[in-house]
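The structure under discussion appears below in the form of structure tokens.
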Amino acid sequence: MQINPLLDQNPEQFLYLFNLELTPANLDKFRNIRYVIMQGSSKRSALLAKKLAKHVAGIDTRFFEPVNLVNTSNFAVYRVGSVLAVSHGMGNVTIDALLHAVTKLLHFAGNTQLEYIRVGTSGGIGIEPGTVVVTKNAYMPNLEPYYTTYELDQRVDTPTHADLALVERILAAQPDKLPFPIVSGNSVAADDFYLGQCRYDGAMRARRDHDYRAKFFEKVHALDIRNFEMESCALGAFCNLAKIPATMIAVTLVNRFEGDQIKSSAEQLVEFSERSQQVVINYLLSRKDLSN
Ligand code: R2B
Ligand code: URA
């Protein structure tokens, strides 16, 4: 892990984005962390923490409610053993803020060896809804493997590829009889859910027609891109700068070759989103440094 050297010249007392005083007592809560699992919603992070408590610590979760360790309504952070289950909100910009905050916090708490995994949902490109995709490369919407941002008025392009060894470890940790399909593939981080992914059911009308969209989907499919979502580029770029192994595990809710709307029932969607959680749990349980 590599961190901004300026941080230690003037140690921070208060972490604004988590509304958290960096007292020794608070930092103690974040020592000996190895894995940070990020999901869009705080509710899903709490659910994952509950499942990990059951699997890792053998806790009867009927009597256990995970405790949120930070004091903001924007993000939630739960801990089980050496795992943090964290929420990141929606979009590259939001996950980027979370990545800075959680990485600073973990640095101040003395952690040096981390892995970051986003666990989420996505729109599939030419695969059955319910398939789980583990990301090898994240692409911007213009199909460049760089996250383009601006430092003041200067454009910077940061590579977005995931850690392939981590991708392989995740796939190798899955049982032979996993009851749903899992593939590794590339992902596109769109700027938004509707027009950025050329949905025709947004409140505003997409400007590209069906023919343009169909050709684009064919083109991305040929690049081994298997899903659209909204955070993989910021995650990949941040973790490449920080030298933190990272990838994304995202279940697909729809096959975009077939339509825009997510038509699965509420129960099916819950089951789908549990699939990507199951994949990360299988991976974490294969590790030897889960409890501490
Ligand atoms: C996938 O799902 C969310 C939108 O519904 C977004 O955060 C993403 O990347
Ligand atoms: N998340 C996305 O960003 N797109 C989808 O189609 C589904 C979930």
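Only heavy atoms go into these numbers, but all of them, side chains included; no hydrogens, no water, no symmetry mates. Just so you know, ligand 1 is whichever comes first in the structure, and atom 1 is the first atom listed for that ligand.
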Proximal ligand 1 atoms for [X], defined as those under 4.0 Å from one of its heavy atoms:
| X | value |
| --- | --- |
| R118 | 1 (C), 8 (C), 9 (O) |
| F193 | 4 (C), 5 (O) |
| E229 | 9 (O) |

To which protein heavy atom is atom 1 (C) of ligand 1 closest, and what is the distance rounded to 0.1 Å?
->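 Residue, atom and distance for the closest contact: T121 O, 3.1 Å.
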Would you find more than 12 non-hydrogen atoms of other residues, nucleotides or ligands less than 6.0 Å from [X] atom [atom1]?
| X | atom1 | result |
| --- | --- | --- |
| D60 | CG | yes |
| F14 | CZ | yes |
| F272 | CZ | yes |

Under 3.5 Å between any N/O of [X] and any N/O of ligand 1: does that happen in this structure?
| X | result |
| --- | --- |
| M90 | no |
| E231 | yes |
| S122 | no |

Starting from the N and O atoms of ligand 2, find every protein N or O within less than 3.5 Å and list the pair with its distance.
unit_1: ligand 2; atom_1: 3 (O); unit_2: Q197; atom_2: NE2; d: 2.9
unit_1: ligand 2; atom_1: 4 (N); unit_2: Q197; atom_2: OE1; d: 2.9
unit_1: ligand 2; atom_1: 6 (O); unit_2: G123; atom_2: N; d: 3.4
unit_1: ligand 2; atom_1: 6 (O); unit_2: R199; atom_2: NH1; d: 3.3
unit_1: ligand 2; atom_1: 6 (O); unit_2: R199; atom_2: NH2; d: 2.6

* **Straight-line distance of I125 CD1 to F228 CZ, nearest 0.5 Å** =>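 The distance works out to 4.5 Å.
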E229 side, atom CD; Q197 side, atom CD - distance, nearest 0.5 Å: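 E229 CD to Q197 CD: 8.5 Å, rounded to 0.5 Å.
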If two hydrophobic side chains count as joined below 4.5 Å and joins carry through other members, does [X] share a cluster with [Y]?
| X | Y | result |
| --- | --- | --- |
| I33 | L22 | yes |
| L47 | I281 | no |
| Y283 | F180 | yes |

Using residues 87-95 as the side-chain source, report each donor-acceptor pair under 3.5 Å to any protein atom, sequence neighbours left out, with the distance given to one decimal.
unit_1: S87; atom_1: OG; unit_2: S42; atom_2: OG; d: 3.1
unit_1: S87; atom_1: OG; unit_2: A76; atom_2: N; d: 2.8
unit_1: H88; atom_1: NE2; unit_2: G40; atom_2: N; d: 3.3
unit_1: H88; atom_1: NE2; unit_2: R118; atom_2: NH1; d: 3.1
unit_1: N92; atom_1: OD1; unit_2: A234; atom_2: N; d: 3.0
unit_1: T94; atom_1: OG1; unit_2: M90; atom_2: O; d: 2.9

